[in-house]
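Heads up, the thing below is written out as structure tokens.
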Amino acid sequence: MPVPAPTDRDSANQDSAENAVAEGDGAKGSPAAGAAQAPPALLERLAAVQGMGPGRRRLVVLLPQLGDFDSLEYAQALAGALPQLEAAGIALLAIGIGNQQSRERFCAFTGFPRERLLVDAEPQLHQALGLYAGLTQAGGPWPNLLLMCAGIGSPGTLAEVLRGYTGDRSAPQRIADDETIQAGPLPPIRGSFFARAGGSGFLRPFELATVRLQNMAEVLGHWRTYVPRDDFLTQRGGTFLLETDDSLLYRHLDQGILGFSATMARPLGFLDPWLG
């Protein structure tokens, strides 16, 4: 069922940050212990969104800046899983940092449905939920972002970047053999090229790196559309799966760049118990 965007924006209370996690729930993503309720700040926001109240399961994704690597890659994965989510009766909502122009461009490029994406100019809800703000050392957001891209204050980033180049036999193929992809300054690349590098049916060497290069070229070519302000470049996101009674089924708090899932080889693997 489509989730229309509300016309107003709730003011998130930062004092409720201690309620952002369920007791005993690990930061790397695991089923929440017991029947802990979802964070009040999140429930308050969902109450203003049609179709996101109690009575059905809901997957709520807090994205970083819409021009972030993680935002595009996560949205592309979620867009491909929409039929399974709908069949399982799970309503999807994403909330990212940007504006209406960011939202339009982001959805057109990733295929993510615009009616399922809300945008905030500032990460007030992210802060209220205790999500990692990233490095905030002296020097401003750009130096901090570059340090995180180098793995400083961003665990797992370098390993994930490397996986994009080396391939991963435990991960699914990303580019069909008959598909042609345009990645930045490179000439058009046909999917069969990656088959020659190792076969088919799994993530081949350079395949994911090529997808990420395509995403990066899109964002850099329209930077101020995707990122109206540089203030929150390092802000990370999080994932919350809510039961029909607002209890928390699953939670993952991003700890670094390219860390939007606890299992990046299958970023939506956490949904398996609920997709049937």
Side-chain angles (χ1 to χ4, degrees), residues 1-12 42 45-52 58-86 90-127 129 131 141-142 145 174-175 179-185 188 210-240 254 257-258 260 267-268:
M1 147 174 204
V3 181
T7 56
D8 58 344
R9 293 288 177 271
D10 295 333
S11 165
L42 183 60
R45 182 63 178 272
L46 295 182
V49 184
Q50 183 181 349
M52 292 302 293
R58 291 141 289 161
L59 174 60
V60 185
V61 174
L62 275 290
L63 298 172
Q65 291 272 5
L66 293 187
D68 193 281
F69 274 125
D70 296 47
S71 297
L72 275 76
E73 199 166 318
Y74 202 175
Q76 288 163 337
L78 289 166
L82 273 173
Q84 296 97 307
L85 290 170
E86 291 172 354
I90 299 174
L92 172 64
L93 180 70
I95 304 171
I97 305 169
N99 59 24
Q100 293 306 315
Q101 289 72 37
S102 311
R103 180 182 178 223
E104 295 292 337
R105 182 96 200 178
F106 180 88
C107 291
F109 179 73
T110 62
F112 194 86
R114 72 182 292 280
E115 69 273 11
R116 297 174 189 262
L117 175 65
L118 305 181
V119 289
D120 290 340
E122 300 185 4
Q124 290 180 317
L125 182 57
H126 295 65
Q127 294 164 359
L129 296 175
L131 302 184
W142 274 105
L145 177 65
R174 288 292 303 268
I175 304 172
E179 180 182 354
T180 299
I181 185 170
Q182 180 67 57
T210 302
V211 173
R212 288 171 174 166
L213 179 60
Q214 182 185 47
N215 289 348
M216 183 174 69
E218 162 67 15
V219 171
L220 292 180
H222 307 277
W223 179 255
R224 274 297 167 235
T225 299
Y226 278 100
V227 184
R229 296 169 56 185
D230 294 340
D231 308 54
F232 313 112
L233 290 177
T234 60
Q235 176 67 57
R236 298 297 90 203
T239 298
F240 301 84
D254 306 355
I257 295 170
L258 294 178
F260 59 84
L268 302 184

### Query
Looking only at heavy atoms, what is the nearest atom pair of Leu145 and Leu233, with distance?
CD1-O, 3.9 Å

### Query
How would you list, by chain and number, every residue that makes a salt bridge (charged side-chain N to carboxylate O under 4.0 Å, His left out) with Glu179, sequence neighbours excluded?
none

### Backbone of Arg229 reached by a side-chain donor or acceptor of Gln65 within 3.5 Å
yes

#### Entry: Minimum-distance pair of heavy atoms, taken over all atoms of Gly237 and Leu131
C-CD1, 3.7 Å

### Task
Please report the C-alpha distance between Leu63 and Asp68 in whole Å, then the side-chain angles of each, then the deciding distance to 0.1 Å, and finally whether the side-chain contact (heavy atoms from CB on, under 4.5 Å) criterion is met.
CA-CA 9 Å; Leu63 298 172; Asp68 193 281; over 6 Å; no

### Summary
Heavy-atom nearest pair, Met52 first then Leu59, reads CE-O, 4.5 Å

### Query
Nearest heavy-atom pair of Glu218 and Arg105: which atoms, and what distance?
OE2-NE, 2.8 Å

### Query
Judged by atom type as modelled, is there a donor-acceptor pair below 3.5 Å linking the side chain of Arg236 to the main-chain atoms of Thr234?
yes

### Message
Working to the nearest 0.5 angstrom, can you tell me the gap between Ile90 CD1 and Leu92 CG?
### Response
9.5 Å

### Message
Testing the basics here: between Gly96 and Leu117, what is the closest heavy-atom pair and its distance to 0.1 Å?
### Response
N-CD1, 4.1 Å

### Query
Nearest heavy-atom pair of Pro123 and Ile97: which atoms, and what distance?
CB-CD1, 3.7 Å

### Task
Sorted by first residue and then second, give each ring-ring contact (aromatic ring centres under 6.0 Å, His included) pair with at least one member in residues 216-238; sequence neighbours left out.
Trp142-Trp223

### Message
Could you check whether any side-chain heavy atom of Arg224 comes within less than 4.5 Å of a side-chain heavy atom of Gln101, counting everything from C-beta outward?
### Response
no

## Note on the structure
Applying ring-ring contact (aromatic ring centres under 6.0 Å, His included) to Tyr74 and not counting sequence neighbours gives Phe260

### Query
Side chains of Val60 and Leu62: does their closest heavy-atom pair fall under 4.5 Å?
yes

#### Entry: Donor-acceptor pair, side chain of Thr225 and main chain of Ser102, under 3.5 angstrom
no

Report, one line per pair, each donor and acceptor closer than 3.5 Å where one atom sits in a side chain of residues 76-84; sequence neighbours left out.
from  : atom 1 : to     : atom 2 : distance (Å)
Gln76 : OE1    : Asn215 : ND2    : 3.2
Gln76 : NE2    : Asn215 : OD1    : 3.0

### Pairs satisfying salt bridge (charged side-chain N to carboxylate O under 4.0 Å, His left out), at least one member in residues 93-102, at least two apart
none

### Leu258 side chain reached by Asp70 side chain, heavy atoms, under 4.5 Å
yes

### Query
For Arg58, what residues pass the salt bridge (charged side-chain N to carboxylate O under 4.0 Å, His left out) criterion, not counting sequence neighbours?
Asp246

### Message
Between Arg45 and Leu93, is there a side-chain heavy-atom distance shorter than 4.5 Å?
### Response
no

